[in-house]
Amino acid sequence: MLALYEGKMIHQFTHLYAEPRYWVDEKEARKALLGRNGIDNGQNFDYQCYRFGYRAIARSTDSRTLIGTILASKVVCGNSLNIASPTQENKYTLFICAALNSFCVDFALRQQVAANINMFYIYQLPVPRLTTRDKYFSDIVQRAAKLICTAPEFDELAQEVGLNSHREGVTEETERAKLRAELDGIIAHLYGLTEAEFAYILTTFPIVPETVKQAALAAYRTFRG
């Protein structure tokens with residue numbers, strides 16, 4: 001049986017914010033994916049890979065608008081959770097997850113979204129195209145991996161980016177908050193923001209605790225230059 005994921009089951013960098021309510025028989029799921037005339041030869045489908053998923057219901061008045069994470073393999077999703085196709089190298093999925101969960105991207109998205117997000121909005125977002133050779137790429141991927149790889153089902157992903165297992169993932173909330181602040185600070189530099197510009201962006205998130213915003217601004221200063 002495969003867990004049927006709904007939007008409310010995830011949060012930023014958190015794959016199990018709530019327990020699943022529904023389950024799907026894997027054989028039936030494969031039949032649905034193959035269609036009436038499809039033959040199941042054991043071929044791989046997207047649900048067998050790590051994928052970035054984000055909530056379809058997202059309001060500009062919420063504390064955060066874009067809420068996404070990386071899902072473990074062997075789960076299927078309902079229509080309240082939008083899913084991106086797997087990438088050939090999961091380190092790029094980790095980078096995308098970190099970028100899309102940042103204050104910078106959220107700020108841009110909040111100018112357009114009323115109550116729902118679809119791929120039309122996602123495709124319009126300006127996301128830096130970093131590669132392994134670029135400054136900060138490894139820093140971003142490592143921090144995102146430590147936030148996401150906190151359960152055995154993420155061991156393969158952890159090992160792919162240089163961690164030994166999910167045991168090197170971070171579950172302690174203070175340390176997780178530190179990693180997230182560092183990601184926001186680094187990503188603000190990717191967009192070429194001045195400190196004043198980043199500080200202004202943070203003021204447009206009134207429900208986010210001030211301590212979180214100040215931590216992000218402090219991280220911006222740490223990674224300057």
Side-chain angles (χ1 to χ4, degrees), residues 1-59 62 64-101 105 109 113 115-125 127 141 144-161 163-169 171:
M1 302 296 287
L2 307 175
L4 177 64
Y5 263 60
E6 302 172 84
K8 61 186 177 183
M9 286 177 58
I10 70 162
H11 212 283
Q12 290 186 321
F13 302 105
T14 303
H15 76 289
L16 200 57
Y17 191 63
E19 293 294 330
R21 296 188 301 166
Y22 307 106
W23 299 80
V24 177
D25 183 276
E26 185 171 8
K27 290 182 179 178
E28 295 302 316
R30 292 182 69 86
K31 285 180 184 179
L33 292 170
L34 286 162
R36 288 186 177 182
N37 300 317
I39 298 174
D40 195 342
N41 296 315
Q43 59 268 56
N44 282 334
F45 289 108
D46 285 357
Y47 80 88
Q48 295 170 277
C49 306
Y50 295 113
R51 296 160 294 162
F52 176 72
Y54 60 94
R55 292 186 185 183
I57 299 172
R59 292 171 289 269
D62 291 343
R64 298 300 294 266
T65 300
L66 202 158
I67 294 175
T69 192
I70 293 179
L71 302 177
S73 61
K74 291 299 191 80
V75 301
V76 292
C77 303
N79 60 9
S80 61
L81 194 61
N82 293 331
I83 301 297
S85 297
T87 59
Q88 290 185 335
E89 297 182 74
N90 288 316
K91 57 191 173 186
Y92 293 108
T93 306
L94 284 164
F95 172 78
I96 289 294
C97 182
L100 293 183
N101 277 322
V105 170
L109 189 66
V113 170
N116 296 281
I117 300 179
N118 55 37
M119 292 306 293
F120 174 79
Y121 293 112
I122 297 297
Y123 286 148
Q124 294 184 79
L125 291 172
V127 178
V141 168
K146 288 179 180 179
L147 287 168
I148 290 165
C149 301
T150 57
E153 52 265 43
F154 289 98
D155 278 347
E156 187 177 334
L157 177 60
Q159 291 161 9
E160 186 177 327
V161 297
L163 303 181
N164 290 316
S165 73
H166 72 281
R167 297 184 188 281
E168 292 188 30
T171 57

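Just the heavy atoms: all of them, side chains too, but no hydrogens, waters or symmetry mates, feed the values below. The shown structure was predicted, so the numbers you read here are calculated from the model rather than taken from an experiment.
With sequence neighbours left out, Asp155 forms a side chain to side chain donor-acceptor pair (under 3.5 Å) with His166. Every residue meeting the side chain to side chain contact (heavy atoms under 4.5 Å, CB included) condition with Asp40, not counting sequence neighbours, appears here in chain and number order: Arg30, Leu34, Gln43. Partners of Glu156 by side chain to side chain contact (heavy atoms under 4.5 Å, CB included), not counting sequence neighbours, listed by chain and number: Tyr50. Remark: Thr93 engages Thr87 in a side chain to side chain donor-acceptor pair (under 3.5 Å) (not counting sequence neighbours). By the side chain to side chain donor-acceptor pair (under 3.5 Å) test, Asp62 is found to be paired with Arg59, residues two or more places apart in sequence or in another chain being considered. Take Ala56 and apply the side chain to side chain contact (heavy atoms under 4.5 Å, CB included) test, not counting sequence neighbours, and it matches Asn82. Contacts of Arg51 classified as salt bridge (charged side-chain N to carboxylate O under 4.0 Å, His left out), with partners at least two apart in sequence or in another chain: none. For Tyr121, there are no ring-ring contact (aromatic ring centres under 6.0 Å, His included) partners two or more places apart in sequence or in a different chain. With sequence neighbours excluded, the residues satisfying side chain to side chain donor-acceptor pair (under 3.5 Å) with Asn164 are Glu168. For Asn79, there are no side chain to side chain contact (heavy atoms under 4.5 Å, CB included) partners two or more places apart in sequence or in a different chain.
Atom OG1 of Thr69 sits about 11.5 Å away from atom CG of Leu100, to the nearest 0.5 Å. The line from CZ of Arg167 to SG of Cys149 is 13.5 Å long, rounded to the nearest 0.5 Å. A distance of 15.0 Å separates CZ of Phe95 from CG of Asn90, quoted to the nearest 0.5 Å.
Sorted by first and then second residue, the pairs that involve residues 69-90 and meet salt bridge (charged side-chain N to carboxylate O under 4.0 Å, His left out), not counting sequence neighbours, are Glu26-Lys74, Glu89-Lys91.
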Residues Ile67, Tyr17; criterion side chain to side chain contact (heavy atoms under 4.5 Å, CB included); working and verdict: CA-CA 11 Å; Ile67 294 175; Tyr17 191 63; over 6 Å; no

Test side chain to side chain contact (heavy atoms under 4.5 Å, CB included) applied to Leu94 and Leu157, step by step: CA-CA 9 Å; Leu94 284 164; Leu157 177 60; 4.1 Å; yes

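Across Val127 and Ala99, no two heavy atoms sit closer than the pair CG1-CB, 4.1 Å. Residues Ala145 and Val161 share a closest heavy-atom pair of CB-CG2, 3.7 Å. Nearest heavy atoms, Ile148 versus Cys97: CD1-SG, 3.8 Å. Pairing each heavy atom of Val75 with each of Tyr47, the nearest pair is O-CB, 3.5 Å. Nearest heavy atoms, Thr65 versus Ile117: O-CD1, 3.9 Å. Across every non-hydrogen atom of Ala29 and Leu2, the tightest pair is CB-CD1, 4.3 Å.
Distance alone, capped at 3.5 Å, places no donor-acceptor pair between the Glu28 side chain and the Val24 backbone. Ser73 places no side-chain N or O within donor-acceptor distance of the main-chain N or O of Cys49, the cut-off being under 3.5 Å.
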For residues 3-12, run the donor-acceptor check on the side chains, cut-off 3.5 Å, and write out each pair with its distance to 0.1 Å, sequence neighbours left out.
residue : atom : partner : partner atom : Å
Tyr5    : OH   : His15   : O            : 3.1
Glu6    : OE1  : Arg21   : NH2          : 2.9
Glu6    : OE2  : Arg21   : NE           : 3.2
Gln12   : OE1  : Arg180  : NH2          : 2.3
Gln12   : NE2  : Leu66   : O            : 2.9
Gln12   : NE2  : Asn101  : O            : 3.3
Gln12   : NE2  : Asn101  : OD1          : 3.2

